[in-house]
Amino acid sequence: MFDKVLIANRGEIALRIHRACREMGIRTVAIHSQADELAMHVRLADEAICIGPPSAAQSYLNVPAILSAAEISGVDAIHPGYGFLSENANFAEIVTDHGIKFIGPSADHIRLMGDKIAARDTAQKLGIPVVPGSDGDLESAEQAEAFAESIGYPVLLKAASGGGGRGMKVVEAQEDMAEAFSTVRSEAKAAFGDDTVYLEKYLGTPRHIEVQVLADTHGNVLHLGERDCSLQRRHQKVLEEAPSPALNDQDRERIGAIVSKAIGEMGYEGVGTVEFLYENGEFYFIEMNTRIQVEHPVTEMITGIDLVRQQIRVAAGLPVEYLQDEITFSGHSIECRINAEDPRTFVPTPGLVTDYHPPGGLDVRVDSALYAGYSVPPYYDSLIAKLIVHGKSRNGCLMRLRRALEEFVVDGVSTTIPLHAELIENPDFLDGVYNIHWLEEYLAASDSE
Ligand code: ADP
């Protein structure tokens with residue numbers, strides 16, 4: 001097992017990784033920007049190294065500075081968390097070349113899945129159903145029109161290197177294609193340095209269902225059920241739950257088996273998430289994330305498995321501690337992503353947290369790096385806490401979530417806590433009948449009231 005791990009991240013996920021390491025007897029090294037000197041991950045880690053100015057480009061994305069920190073502190077491994085460098089194949093490669101273990105899959109697998117066209121192609125070859133679309137990049141708006149014609153409008157133009165809900169545009173009809181095509185191309189070039197674009201059928205009422213996988217270097221491949229992440233705004237997840245209210249056991253088994261088989265054939269190592277849209281009983285692959293995800297705790301809550309611990313074990317060459325038939329799903333779990341944002345306009349609200357009182361009690365988990373007196377910096381993602389609750393049933397889980405949201409106090413900055421409290425009272429949400437467009441429609445309707 002590793003002796004010392006560098007955590008190449010910040011915020012709640014840095015803390016989450018630190019906790020797993022501590023429980024495994026592994027020492028931790030925090031890195032931080034000048035803006036994060038007083039951050040919780042810095043306070044808790046065994047060692048901390050400042051790697052640059054506040055901007056992410058100069059700190060959490062600064063590969064030479066992170067490598068120097070790793071060398072100076074003499075770590076055996078680097079955990080990238082999510083975001084930042086977690087899906088950067090070049091970073092994984094450089095880390096490996098320096099004789100340090102990158103806690104994640106191989107650089108080749110990261111690269112393959114980071115290119116959405118290559119990922120689609122791989123998925124198809126491995127027997128995973130994909131959304132109907134262009135098999136490969138589109139060279140011109142005319143080619144895009146021809147494809148769109150063959151599968152029918154509306155279609156979704158997507159950047160091959162896109163992520164975080166960016167680099168996508170819906171095209172309703174042929175007359176809009178030429179303009180949309182050049183917009184997505186130039187936006188993709190600017191945001192991702194790659195203007196490769198492809199298209200997919202735009203599904204009207206799907207749910208976002210993703211399957212958690214865990215594979216080691218001893219040939220063990222497990223799936224840990226699904227998460228339903230259909231509550232989204234701007235293609236970004238707001239609340240996640242497991243199990244999905246839309247799946248039955250047969251669907252669950254079917255998709256789990258398809259995914260496990262594919263992951264095994266790929267020779268994939270570590271944790272990963274295979275994302276699907278689910279409509280009319282059918283699953284359609286959209287992408288694979290080759291890292292730990294923000295919403296991993298809902299899976300932990302219903303399986304009792306510490307995914308970060310397993311991820312670190314696998315990276316150290318140890319087998320996962322479970323067999324597929326030992327994995328059972330107990331009860332229901334929901335996660336609310338709490339952002340330092342205005343709950344209506346979603347404008348970020350960085351600033352001083354004057355008071356902080358997280359909820360507690362049985363089956364209530366808060367993953368957060370906040371404390372009273374902490375100042376939320378304006379430079380990074382606005383996620384400040386995740387509230388995750390568990391209940392015996394979905395209804396029990398909702399009752400507990402309601403109570404936990406009521407208890408949650410974050411003073412000084414506006415947060416999305418009131419939005420969550422409102423959403424979980426909505427009849428559609430209570431009935432579990434919502435798709436990926438539901439939240440935007442709900443917000444648009446309530447804004448016009
Ligand atoms: P990203 O890498 O930016 O997260 P994804 O491909 O995972 O992009 O898609 C993010 C979200 O965009 C999905 O969860 C879904 O809400 C929406 N989306 C993606 N593909 C489609 C599609 N073909 N039809 C309708 N919505 C889609």
Side-chain angles (χ1 to χ4, degrees), residues 82-84 86-89 110-124 128-135 137-138 144 147-148 150-172 180 184 187-188 190-192 194 196-212 226-241 244 246 259 272-280 282-296 335 337 381 383 434-443:
Y82 55 67
F84 295 128
S86 61
E87 288 178 303
N88 183 318
I110 298 174
R111 198 166 280 128
L112 182 68
M113 290 300 155
D115 176 342
K116 291 189 178 185
I117 296 177
R120 260 176 76 85
D121 190 43
T122 307
Q124 268 176 304
I128 298 180
V130 302
V131 186
S134 60
D135 292 320
D137 57 323
L138 297 165
F147 261 117
S150 68
I151 57 172
Y153 285 92
V155 296
L156 187 61
L157 283 173
K158 281 185 163 182
S161 304
R166 293 177 309 148
M168 281 187 253
K169 201 166 179 63
V170 184
V171 187
E172 299 284 351
V184 174
E187 281 176 4
F192 314 109
D194 170 15
T196 313
V197 170
Y198 68 108
L199 69 76
E200 278 177 3
K201 175 93 190 141
Y202 181 66
L203 301 182
T205 56
R207 297 185 77 113
H208 174 115
I209 308 266
E210 57 186 34
V211 178
Q212 175 71 53
E226 82 284 3
R227 295 184 285 261
D228 193 322
C229 315
S230 303
L231 215 73
Q232 300 184 353
R233 184 179 162 269
R234 297 199 172 159
H235 305 306
Q236 282 191 290
K237 299 157 189 168
V238 169
L239 173 154
E240 302 92 350
E241 59 182 316
S244 166
V259 167
T273 301
V274 183
E275 299 192 333
F276 295 91
L277 294 179
Y278 176 76
E279 192 176 69
N280 300 326
E282 298 295 332
F283 291 95
Y284 304 95
F285 171 87
I286 45 172
E287 68 160 347
M288 177 170 184
N289 290 317
T290 53
R291 52 169 167 83
I292 194 78
Q293 284 194 281
V294 176
E295 60 273 24
H296 76 276
E335 170 181 280
R337 294 190 188 200
D381 190 273
L383 181 81
Y434 59 94
N435 61 47
I436 59 165
H437 307 301
W438 184 88
L439 178 56
E440 298 236 350
E441 286 161 9
Y442 171 85
L443 292 169

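Nothing here was measured: the structure is a model prediction, and the numbers come from that model. When a ligand or atom number is given, it counts from 1 through the structure's own listing order.
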Mutual orientation of the aromatic rings belonging to F283 and Y278 [parallel < 30°, tilted 30-60°, perpendicular > 60°]: tilted
Within-cut-off N or O pair, Y202 and ligand 1, under 3.5 Å: no
Distance-only side-chain donor-acceptor flag, S244 / E226, under 3.5 Å: no
Close approach, M168 and ligand 1, non-hydrogen under 4.0 angstrom: yes
E187/K169 salt bridge by N-O under 4.0 Å criterion: no
Donor-acceptor contact below 3.5 Å, side chain D115 vs main chain I117: yes
Identity and distance of the protein heavy atom lying nearest atom 22 (C) of ligand 1: L277 CD1, 3.4 Å
NZ/NE/NH1/NH2 to OD/OE distance under 4.0 Å, K237 and E275: yes
Whether K158 lies under 4.0 Å from ligand 1, heavy atom: yes
Any Q236 heavy atom less than 4.0 Å to ligand 1: no
Closest to atom 4 (O) of ligand 1 among E287, H208, H235 (heavy-atom distance): E287
Residue that, paired with R227, satisfies side-chain hydrogen bond (donor to acceptor under 3.5 Å, both in side chains) out of E240, H208, Q212: Q212
Option whose closest heavy atom lies nearest to atom 1 (P) of ligand 1, chosen from K201, R207, E87, K116: K116
